[in-house]
Amino acid sequence: MAYGPEPAAGIPPEAACTQPAAADGHPGAGDRGDVEQSGARPLTEAEQATLKAAVDTLARITAELETKETTLARLRRILFGAPTERTANVLGEGEKGETPPADTPTSPSAEGGDEQAAGQAPSDATSPESGVGEPKKKRPGHGRNGAADYPRAPHLAVPHATLRHGDPCPVDGCTGRVYGQRGEPAVLVRITGVAPLLAQVYELERLRCGLCGTVFTAEPPAGVGKAKYDDRAAAMIALLKYGCGLPFHRIARLEQGLAIPMPVGTQWEVVAAAAAPLIPVFDELARQAAQGTVVYNDDTTMRILTLTQEARAEALPAGASADRTGMFTSGVVAETPNGLIALFKTGPCHAGEHLAEVLDLREVTDPPIHRSDASTRNWPGDHSTLPASCIPHARRNTIDVVEAFPEEVAFVLHTLRAVFHTDAQAKCQGLSPAERLLLHQKESGPRMKALQDWMAKQFAEHTVEPHSGLGQAIAYMQNHWEKLTLFLRAPGAPLDNNITERILKKAILHRKNALFHRTLNGARVGDLFMTLIHTAELHQIEPFHYLVSLLRHATKGALDPAAWMPWNYTEALARAECRTSAGLTRQRDNLQRPQRKRTQGCRCGLPARDREAARHPWRSPRISRRAAEARATGVSQRCRKDTMQLALARGHRWLAMLESGGAKSITKLAAREKIDNSYLCRMLNLTPLAPDIVAALLDATLPHHVTVHDLAITPRCCGRSNARGLLTQRQPDTTG
């Protein structure tokens with residue numbers, strides 16, 4: 001069994017394996033003696049090959065050091081190869097074909113490598129009966145993409161140039177006819193290059209009267225909108241920045257190469273303005289994540305360039321020391337009945353403090369399973385959870401000492417590999433959490449018990465020094481044994497924390513490319529978009545389409561954010577588009593209908609109800625109380641409901657824009673929205689309403705005498721204590 005680094009690039013494997021070892025045990029010491037004796041005698045062929053490989057390696061390293069792109073990580077990969085933690089590669093089983101030690105607990109499910117632990121089926125490369133090697137199965141993600149892999153691509157039907165359905169066959173001597181194969185067309189996929197952001201210039205024709213000087217300008221086409229940057233532009237910039245890790249200056253350089261100017265400051269303004277209407281959906285994701293059965297968390301360092309002492313003190317969690325200087329991006333992943341939810345937060349708080357803020361929203365009484373590493377800053381404070389430690393972290397401690405303790409490390413790795421393979425079997429079979437627990441108790445329980453007894457035996461018989469590398473690795477596992485083996489007692493407990501580390505790669509990618517967030521507000525905008533983008537990716541939906549849908553229907557998302565989650569937004573989108581198309585159809589029909597039909601042929605132009613009252617003034621038509629109230633106030637109940645809900649949504653949207661920095665002041669916001677300052681302030685007064693009043697307003701159960709003026713102007717409506725009196729107050733009698 002060969003332990004240690006792989007041969008460097010340029011060194012033949014046979015030359016590397018034949019290097020003699022010196023008396024001190026270091027490989028290559030004998031080679032130096034051979035080189036010193038090369039002047040006294042000629043070198044053998046093996047010694048010449050070794051010397052040539054060493055010279056080639058030295059030349060390669062020298063060339064790499066002369067380039068400015070060289071890093072220590074690159075030199076390490078050149079000299080020692082890519083790092084890996086697979087059991088076969090760590091123990092050298094792939095090259096030597098060695099079997100596990102005799103004392104390793106094995107079973108049919110224990111066979112296989114880490115590929116099976118990752119959920120891949122074992123490859124049937126050789127059949128024992130035939131002895132003939134069968135072709136290996138392709139790994140997932142390899143191969144060509146078919147037409148079904150492009151769901152948003154337009155499908156264009158191309159008819160045959162000369163033949164039609166039922167025409168005679170053009171083959172000489174054939175008397176048959178050709179028939180179309182509608183279900184089996186020949187498919188061609190052609191991909192063209194376009195800019196991420198496209199610009200269209202509309203030249204509106206203008207006509208001027210020669211007598212009065214009035215200028216008439218053509219109306220823009222339908223769907224153009226009034227904003228220069230539409231929702232698709234904002235979604236694309238957010239996806240490139242926070243989903244793909246492209247900094248603003250690289251996006252600007254890319255668009256400049258396509259003759260579309262896109263300054264860095266403009267990109268930030270577009271993204272910041274688009275983040276404000278998405279806050280209700282972001283808050284709803286956090287609320288539903290708090291109800292999860294399993295939560296994962298971890299963090300990574302991040303830098304905020306400009307952070308004042310006041311902003312830092314405001315961002316610090318309650319009870320944290322004011323001297324804390326670290327900045328982190330923490331990730332929380334929650335397993336919910338609807339799927340996985342990923343949450344990001346950047347600031348001076350640790351991952352455990354972020355998780356505590358999420359669990360503050362929890363309404364379920366049962367404690368969730370909390371999976372993380374053993375760091376104390378990942379603990380969620382006083383919240384009750386079922387803690388579970390990450391097995392790969394404990395496994396990694398033993399890998400570091402494989403060269404000094406090969407047999408002991410092999411026993412640990414083979415035992416844990418069988419446990420991961422059992423978990424992969426449960427996933428492949430689609431077992432429920434209870435069935436998965438029974439399977440682990442049956443197969444993994446004896447293995448973990450054997451591993452526990454083996455670790456206790458090492459210290460009891462003094463075969464391992466407690467302060468050695470292996471002793472510290474064993475002590476780590478013994479100290480966290482209850483958390484490491486939670487999957488044998490709790491249904492649904494995972495084995496690792498890999499999912500959190502994968503989502504943190506988005507934050508690490510942003511850190512590598514953009515290096516930092518400029519302000520704390522910029523970090524919050526980035527956290528919002530990374531949360532929406534990565535949660536959409538976890539549900540295997542298109543983040544771009546999801547962001548565009550949320551931005552186009554921001555008002556509906558603010559009123560009912562639970563209907564616009566990644567797993568159900570398509571239903572709400574279909575309803576919204578159906579209503580929009582129906583409204584456009586009615587509007588078009590009204591424009592095309594002659595005006596005289598509104599009076600139904602009456603020359604006086606009065607509605608039918610008023611004509612009846614004028615013709616028979618002594619009759620008093622019977623109408624409902626709600627209709628009477630609507631006639632007295634001049635507005636129907638349906639219009640009143642829509643108006644008040646729209647006012648509340650506008651108030652929250654404008655308040656979010658002011659708090660997030662999208663607008664610097666109320667005056668500038670009113671100028672940008674093209675409304676009066678007083679109207680904007682009245683809508684902002686609706687935001688601190690009591691929860692009971694807001695619920696009654698959204699459910700259309702608010703008393704009929706309460707108007708928008710009462711809620712936006714009268715101070716008594718804003719207090720929680722006065723909400724009950726306002727909702728139970730009787731309507732004044734107006735019957736006389």
Side-chain angles (χ1 to χ4, degrees), residues 68-69 145 147 149-156 158 188-207 215 217-278 305 506 509-519 521-522 525-526 528-530 532-533 536-537 542-552 554 657 661-663 668 671-672 674:
K68 60 182 180 180
E69 293 84 4
N145 294 322
D149 297 327
Y150 304 91
R152 300 292 176 183
H155 290 245
L156 307 176
V158 181
L188 294 178
V189 178
R190 296 295 181 265
I191 300 176
T192 59
V194 295
L197 300 171
L198 295 176
Q200 294 179 345
V201 181
Y202 296 91
E203 297 181 354
L204 306 180
E205 183 182 8
R206 294 194 300 176
L207 303 174
V215 178
T217 306
E219 293 293 333
V224 172
K226 298 181 180 179
K228 182 177 181 180
Y229 301 94
D230 66 350
D231 301 327
R232 291 176 298 177
M236 179 58 69
I237 296 175
L239 183 60
L240 293 176
K241 167 70 173 176
Y242 303 108
C244 302
L246 287 179
F248 287 141
H249 67 89
R250 293 186 184 175
I251 301 176
R253 187 184 307 171
L254 173 62
E255 292 296 321
Q256 187 66 33
L258 300 169
I260 301 177
M262 186 63 60
V264 173
T266 302
Q267 296 180 49
W268 163 247
E269 292 177 359
V270 172
V271 170
L278 301 180
L305 193 62
K506 280 197 176 295
L509 181 64
H510 179 271
R511 183 182 64 198
K512 287 183 177 180
N513 290 276
L515 302 181
F516 52 81
H517 290 288
R518 186 174 295 275
T519 62
N521 179 48
V525 172
L528 184 145
F529 279 108
M530 282 194 290
L532 296 178
I533 291 172
E537 292 178 349
E542 305 163 25
F544 177 75
H545 185 264
Y546 181 53
L547 292 178
V548 172
S549 302
L550 293 180
L551 293 174
R552 287 183 175 176
M657 295 173 64
K668 293 184 178 180
R672 187 169 66 183
K674 297 182 180 180

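Only this structure's heavy atoms are used, side chains among them; waters, hydrogens and symmetry mates stay out.
Heavy-atom minimum distance, A195 versus I260: CB-CD1, 4.2 Å. In terms of heavy atoms, L509 sits closest to C244 at CD2-O, 3.4 Å. Taking both residues in full, the closest heavy atoms of L278 and L550 are given as CD2-CB, 3.5 Å, listed atom of the first, atom of the second, then distance. Taking every heavy atom of both residues into account, G522 and W268 meet most closely at CA-CH2, 3.6 Å. Taking all atoms of both residues into account, the shortest heavy-atom contact from I533 to G243 is CD1-N, 3.9 Å. The two residues A275 and V525 come nearest to each other via the heavy atoms CB-CG1, 4.0 Å.
Once rounded to the nearest 0.5 Å, the distance linking CE of M236 with CE of M262 reads 11.5 Å. Atoms CZ and CG, on F544 and L239 in that order, are 8.0 Å from each other to the nearest 0.5 Å. For the atom pair OH (Y150) and CG (N145), the distance works out to 4.5 Å, reported to the nearest 0.5 Å. Atom CG in D230 sits 9.5 Å away from atom CG in L197 (nearest 0.5 Å).
Within the 4.5 Å cutoff, side-chain heavy atoms of L207 are placed close to those of E205. Counting heavy atoms from C-beta outward, P277 and L551 have side chains that approach closer than 4.5 Å. Looking at K226 and K674, their side chains never come closer than 4.5 Å, going by heavy atoms from C-beta outward. Side-chain contact between P261 and T266 is absent, with no heavy atoms from C-beta onward closer than 4.5 Å.
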Item to complete: Check the pair V548, R552 against side-chain contact (heavy atoms from CB on, under 4.5 Å), reporting the backbone distance first and the verdict last.
Response: CA-CA 6 Å; V548 172; R552 287 183 175 176; 3.5 Å; yes
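Using cut-offs of 30° and 60° on the angle between ring planes, the pair F529 and Y242 is parallel.
For H510, the side-chain hydrogen bond (donor to acceptor under 3.5 Å, both in side chains) partners at least two apart in sequence or on another chain are K241. Residues forming a side-chain hydrogen bond (donor to acceptor under 3.5 Å, both in side chains) with R250 (at least two apart in sequence, or on another chain): N513.
Within 6.0 Å of CZ on R232 lie no more than 12 heavy atoms contributed by other residues, nucleotides or ligands.
Without hydrogens or angle criteria, Q267 side chain to I251 main chain gives no donor-acceptor distance under 3.5 Å.
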